[in-house]
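Read through the structure below, which is laid out as structure tokens, and then see the notes.
Because the structure is predicted, anything quoted here is derived from the model rather than measured.
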Amino acid sequence: MYSKIYGAGITGLEARIIQVEADVSNGLPVFHMVGVLASAVKEARERVRISLQNSGFRIPAKRITVNLSPADLRKDGSGYDLPIAVSLLAASGMLPQNTDKSILMAGELGLNGHICSIQGALAMALQAKKEGFRQFLLPKENAREAAMVDGIDIIGVTTLLEAVEYLKGGLELSPVRVDLNALRQRSEKNTWEDFDEVYGQESAKKALVTAVSGGHNILLIGAPGTGKTMLAKRLPGIMPLLTRDEAVELTKIYGIAGLLREDLPLIFRSPFRAPHHSIPVAAMAGGGKDPIPGEITLSHNGVLFLDELPEFDRNTLEILRQPMEEGQIHIARLGHSYSFPADMIVVGAMNPCKCGYYPDSNRCRCTQGQIQSYLSRISEPLLDRMDICVEMERTDGREIKCQGRESAEIRRQVQMAREIQTERYRDETITRNSQLSGKLLKKYCGLGKRQQRCFGDLRKQLGLSARGAERLLRVARTLADLEQSGEIQEAHLLQASIYKSINRKYWGMETAYEG
């Protein structure tokens, strides 16, 4: 007998519907599986056979062939176990035939018949809805994740026997429902360290607020102990919660990467990723034989914090250039290419020299050549993509006594600026000032005559490239939004130019040692 069941697999960041066909016919007892299978899928033969046996089902000693199609797509992962087992039972006459696109199945089988969790359940549910499936049968551990998708019934099961009884109609299982409002309220509870614990550094705080409000990349530079890492780690506390669409997109990425928490099936908080400087290129960009998300993609809609920036491998840093410009990263493999989202805020932190105390001649032990060699680890194209560069202040006793604002207060200011941008770009394909370019930049960053003269003078003084000039305008637009100003004023251009001029102090080596 012949049967066909529908399963799903993950390719890049998208799910693909896979037809699982089984044929049980007379002949020598043999169990063949075909369809360009990875080792994890080939091993399903033994997992399925023993799981069926321990669940009380007896597979006849006949010639069994299982085909996973389309045949030109490589199948990987253990999520095919459940549809293979169900297809075998249907082909053996133990389950009613059902070859239409009514139900999708995915799940890994344990030898005792338990259905174990899988990766990418949300992506599979989204694809199932897109292709017209009415139900999605999957492990109970993944049910809440998949239930984020409306318009399809999500059925969670714990054992193979329970799944079979449900398919026979002898067991009723209610579709899983999730209270999104409760999840959002839970996400609103701030568990991050608070900005009010940071004393002084007001200029750096303002720069960080500007960066988060407009989605701008920022570089913090200063001596050890000035609070670069401390400030960066408090950024998640001032970032607004993600919209539902942003949360679904991010949750899909983390589900495929296997990084979702079972108690928090939808990620409303912007991610904060802080890889160590020893990270290799592949882990940063993502990839592998079957590409998986790297740190760049895991930072999507959030922050990628690179502490001790010059200590990163040069190739690892250079891989950031295209994602910082385009908001996505392209990965090519033999016969396939993948585009992963990478709309992130890059936050870099670094010392100005190897010992960390340049330009203080009383403490710096580096020669001029050593300073230049250290700073040159950051390439000019990468530096040009940093919209904001801010020098950390040296705190003294008076500043330490001055407590800062709470993260909740700052977050309300950031939220206000974001709402202004959302309203402004409601008819466009962008949502933040950092995404402005070309005609949109001219449309929304128009300058009056005085502002045009000011901008021209600043561009000449700073020697800005075309990209640098555009980024200065974007930052000025965000500074105007933070002050709820409809037009970009000279003060906003001057402040944005300060953020672009700090790098010339170090990379231009314009500042002599302080006596």
Side-chain angles (χ1 to χ4, degrees), residues 192-195 197-198 201-240 242 250 269-277 279 284-285 294-312 316-321 323-325 327 329 342-352 377-379 381-393 404 407 410-411 414 417-418 432-435 471 474-475 478-479 482 496 499-500 502-503 506:
W192 297 92
E193 297 170 287
D194 206 288
F195 259 82
E197 300 167 344
V198 182
Q201 299 295 359
E202 295 306 314
S203 61
K205 289 178 183 176
K206 182 178 179 180
L208 286 168
V209 171
T210 304
V212 172
S213 298
H216 306 290
N217 304 314
I218 181 171
L219 177 63
L220 305 174
I221 183 168
T226 51
K228 301 184 294 295
T229 304
M230 181 189 299
L231 281 171
K233 287 184 175 179
R234 283 160 173 76
L235 280 178
I238 68 172
M239 298 188 74
L242 301 175
L250 187 66
R269 277 281 182 193
S270 297
F272 181 85
R273 305 293 298 184
H276 190 261
H277 59 73
I279 184 174
M284 180 69 84
E295 290 295 331
I296 290 176
T297 303
L298 294 173
S299 304
H300 181 58
N301 288 331
V303 173
L304 177 62
F305 176 49
L306 305 177
D307 203 4
E308 303 297 342
L309 190 65
E311 301 300 329
F312 282 79
T316 302
L317 290 181
E318 294 305 300
I319 203 74
L320 289 167
R321 286 163 53 177
M324 289 171 72
E325 195 71 25
I329 183 168
D343 189 6
M344 64 201 165
I345 299 173
V346 176
V347 179
M350 61 177 289
N351 299 328
R377 297 180 185 181
I378 311 300
S379 70
L382 183 62
L383 189 63
D384 201 30
R385 285 168 169 79
M386 291 294 183
D387 305 320
I388 299 173
C389 185
V390 61
E391 186 176 22
M392 301 293 291
E393 304 165 357
S407 291
I410 299 174
R411 187 166 63 250
V414 172
R418 288 280 184 96
R432 296 196 300 275
N433 292 332
S434 61
Q435 299 167 329
R471 290 181 179 272
R474 295 171 190 167
V475 174
T478 300
L479 289 167
L482 285 168
Y499 291 146
K500 290 298 289 184
I502 295 297
N503 55 13
Y506 292 97

Roughly how far apart are [X] [atom1] and [Y] [atom2], rounded to 0.5 Å?
X      : Y      : atom1 : atom2 : answer
Ser213 : Ile345 : OG    : CD1   : 8.5 Å
Asn217 : Met386 : CG    : CE    : 6.0 Å
Asp307 : His277 : CG    : NE2   : 8.5 Å
Glu391 : Tyr499 : CD    : OH    : 13.5 Å
Leu298 : Met344 : CG    : CE    : 11.0 Å
Leu220 : Ile502 : CG    : CD1   : 11.5 Å

Mark yes or no for whether [X], through its side chain, and [Y], through its backbone, hold a donor-acceptor pair below 3.5 Å.
X      : Y      : value
Arg432 : Val212 : no
Gln201 : Thr226 : yes
Arg411 : Met239 : no
Ser407 : Phe195 : yes
Asn301 : Ser270 : no
Arg234 : Asp194 : yes
Asp343 : Gly327 : no

For [X] and [Y], which heavy atoms make the closest approach, and how far apart are they?
X      : Y      : answer
Glu318 : Ser379 : OE2-OG, 2.8 Å
Gly222 : Met392 : CA-CB, 4.2 Å
Ala223 : Pro352 : N-CD, 4.2 Å
Ala285 : Ile296 : CA-CD1, 4.2 Å
Met230 : Val198 : SD-CG2, 3.7 Å
Ala232 : Phe305 : CB-CE1, 3.4 Å

Is it true that Glu308 and Lys228 make a salt bridge, defined as a side-chain N closer than 4.0 Å to a carboxylate O? no
Does this structure show an ion pair linking Arg385 with Glu325, if we count only N-O contacts that are shorter than 4.0 Å?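 A salt bridge links Arg385 with Glu325.
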Derivation and outcome, side chain to side chain contact (heavy atoms under 4.5 Å, CB included), residues Ile378 and Leu219: CA-CA 11 Å; Ile378 311 300; Leu219 177 63; 5.7 Å; no
Check step by step if side chain to side chain contact (heavy atoms under 4.5 Å, CB included) holds for Ile329 and Met284. CA-CA 11 Å; Ile329 183 168; Met284 180 69 84; over 6 Å; no
Under a 4.5 Å cut-off applied to non-hydrogen side-chain atoms, are [X] and [Y] in contact?
X      : Y      : answer
Thr478 : Val475 : no
Arg273 : Leu306 : no
Pro310 : Asn351 : no

Please report the C-alpha distance between Ile410 and Leu208 in whole Å, then the side-chain angles of each, then the deciding distance to 0.1 Å, and finally whether the side chain to side chain contact (heavy atoms under 4.5 Å, CB included) criterion is met. CA-CA 10 Å; Ile410 299 174; Leu208 286 168; over 6 Å; no
Will you find, in the side chains of Ser203 and Glu393, an N or O donor that is under 3.5 Å from an N or O acceptor? yes
How far apart are the C-alpha atoms of Met324 and Leu382, what are their side-chain angles, what is the distance that settles it, and do they pass the side chain to side chain contact (heavy atoms under 4.5 Å, CB included) test? CA-CA 9 Å; Met324 289 171 72; Leu382 183 62; 3.6 Å; yes
